[in-house]
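Here the structure is laid out as structure tokens; the discussion comes afterwards.
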Protein chains: 2
Amino acid sequence: MQVSARGEYAVRIAVTLATGHPRTISASALAAAQALPRKFAEVILGDLRRAHLVDSVRGVEGGYRLARDPGDVSVGEVLRAVDGPLSEVRGRRPEETSYEGAAVNLPRLWVAARAAVRSVFDEVSLAQAATGDFPVRIAELTAADDAWMPR
Amino acid sequence: MQVSARGEYAVRIAVTLATGHPRTISASALAAAQALPRKFAEVILGDLRRAHLVDSVRGVEGGYRLARDPGDVSVGEVLRAVDGPLSEVRGRRPEETSYEGAAVNLPRLWVAARAAVRSVFDEVSLAQAATGDFPVRIAELTAADDAWMPR
DNA sequence: AGCATATCCTATCGATCAAGTAGGATTCAA
DNA sequence: TTGAATCCTACTTGATCGATAGGATATGCT
């Protein structure tokens with residue numbers, strides 16, 4: 001589960017938009033609020049706009065706002081908009097893999113891993129990510145303190 | 001959750017070793033069994049050896065075998081041996097992230113996502129991956145047929 | 001009209017990494 | 001001694017990531 005810089009930035013921008021919702025916020029204000037390169041933030045906001053996750057307003061007093069309610073947009077949608085699919089195995093979707101011999105059962109494993117990732121990113125909204133008010137299932141995942149240990 | 005070619009190859013090699021355990025199998029036999037480039041397979045087997053997951057025997061009749069019982073080695077260990085950590089956010093471990101403003105709660109989200117990934121890859125052994133006899137929790141993740149749909 | 005402030009578009013860049021290849025040195029059993 | 005295997009170093013090739021540059025276009029205010 002590698003989240004790229006683009007992905008991380010996109011989520012940070014999105015939760016910032018969520019807390020300001022429904023006001024529009026300019027790219028430079030967003031970049032300043034999260035200490036990101038402004039130009040790069042613009043590129044990312046372009047991706048989010050093309051995915052119809054944000055609306056943009058041009059001109060003075062312009063900026064960006066979430067296209068839908070913050071409680072209605074999942075973190076997974078944001079990540080998919082800027083990086084591709086949440087889960088890939090050697091560049092393919094998990095269900096597209098296929099093997100011979102001892103490896104025949106691996107597609108089920110890849111699909112299970114994807115389902116696990118989805119069960120986090122697709123079940124947390126921007127509103128929840130902003131407030132820290134995560135669903136119980138998610139909160140439980142972070143409760144065990146070995147969840148916070150590198151491995 | 002991106003699994004690289006190295007990662008995929010490593011798991012395929014590992015389950016092949018698991019089914020043949022405890023016989024030693026040569027790199028070319030492994031490469032042939034899974035239709036991988038032989039030289040690349042050698043590189044990967046070198047990684048697995050340095051991680052002490054496989055032992056190697058040189059010379060004629062040499063080859064590779066699992067260093068531990070197939071029921072005792074997890075898929076996660078294999079993946080970590082060839083790619084790095086299972087989960088990273090912008091090149092950092094989830095627990096090392098830290099944000100200001102609206103993004104303050106994101107580290108918990110990253111940690112939850114990592115826990116979800118671990119709950120699959122660290123809970124499935126090579127023996128289980130080879131036989132397809134997954135733990136109930138994992139099997140449940142693949143039961144819903146929308147787990148098999150792209151999103 | 002003119003100006004300031006935005007978004008938006010195209011292009012480029014350097015560094016890094018992924019995937020795979022090449023060639024040969026070394027080890028070991030028969 | 002020979003053949004088959006691991007092991008080591010180096011290299012290549014292409015793609016991708018994380019930006020940056022420069023300006024065209026839209027909008028509101030005075």
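Below, read A as the first sequence line, B as the second, and so on, with proteins coming before strands; counting in each chain starts at 1.
Of the possible polar contacts, one joining the B/Glu77 side chain to the B/Ser74 backbone as a donor-acceptor pair under 3.5 Å is found.
Remark: C1' of D/dC17 and CZ of B/Arg90 are 13 Å apart, rounded to the nearest angstrom. Between the CZ atom of A/Arg12 and the P atom of D/dG18 there is a distance of 13 Å, given to the nearest Å. The interatomic distance linking B/Leu48 (CG) with D/dC7 (P) rounds to 12 Å, in whole Å. When the P atom of D/dA5 is taken as reference, atom CG of B/Leu45 falls 14 Å away, rounded to whole Å. Summarising the geometry, the separation between CZ on B/Arg50 and P on D/dT6 is reported as 14 Å, rounded to the nearest angstrom. Here the C1' atom of nucleotide C/dT7 and the CD1 atom of A/Ile13 are 14 Å apart, to the nearest Å. Between the CD1 atom of A/Ile44 and the P atom of D/dA19 there is a distance of 8 Å, rounded to whole Å. Regarding B/Gln2, its CD atom lies at a distance of 13 Å from the C1' atom of D/dC17, rounded to whole Å.
For the OP1/OP2 pair of D/dA19 and a distance below 4.0 Å, the side-chain nitrogens and oxygens of A/Tyr9 include at least one atom meeting the criterion. Distances shown here put a side-chain N or O of A/Tyr64 below 4.0 Å from the OP1 or OP2 atom of C/dC8. A close approach under 4.0 Å does occur between a side-chain nitrogen or oxygen of B/Ser56 and OP1 or OP2 of D/dC7.
Each of A/Glu42 and A/Arg6 has a nearest nucleotide on DNA chain D; the 5'-most of these lies closest to A/Arg6. Mapping A/Val43 and A/Gly63 onto DNA chain C by nearest heavy atom places A/Gly63 at the nucleotide closer to the 5' end. Nearest-nucleotide assignment on DNA chain C puts the 5′-proximal partner with A/Ser28, out of A/Ser28 and B/Phe40.
Nearest nucleotide to the B/Ser26 side chain, out of C/dA19, D/dT6, D/dG18: D/dT6. Side-chain atoms of A/Ala27 lie closest to C/dT7 of the nucleotides D/dG23, C/dT7, D/dA19. When each of D/dA5, D/dG18, D/dC7 is scored by its nearest atom to the side-chain atoms of B/Arg49, the top-ranked nucleotide is D/dC7. The side chain of A/Val60 approaches C/dA4 more closely than any other nucleotide in the set C/dG20, D/dT6, C/dA4. The side chain of A/Lys39 sits closest to D/dG22 out of D/dT6, C/dT21, D/dG22. Of the candidates C/dC8, C/dG20, D/dA19, D/dA19 carries the atom nearest the A/Ala5 side chain, counting heavy atoms from C-beta on.
Looking at every heavy atom in both residues, A/Ala139 comes nearest to A/Phe134 through N-CB, 4.5 Å.
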Where do B/Glu8 and B/Arg12 land on the salt bridge (charged side-chain N to carboxylate O under 4.0 Å, His left out) test, with the steps shown first?
-> CA-CA 6 Å; B/Glu8 193 213 45; B/Arg12 289 164 67 186; 3.1 Å; yes
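In the hydrophobic clustering of ILVMFWY residues, with side-chain heavy atoms under 4.5 Å counting as a link, B/Tyr99 and A/Ile25 come out together.
One cannot find a donor-acceptor pair under 3.5 Å joining the base of D/dC29 and the side-chain atoms of A/Glu61. Checked by distance alone, A/Arg58 brings a side-chain donor or acceptor within 3.5 Å of a matching partner on the base of D/dT25.
Within a 6.0 Å radius of CG in B/Asp145, other residues, nucleotides and ligands contribute 12 heavy atoms or fewer.
Judged by distance alone, the side chains of A/Tyr64 and A/Glu42 never bring a donor and an acceptor atom under 3.5 Å apart.
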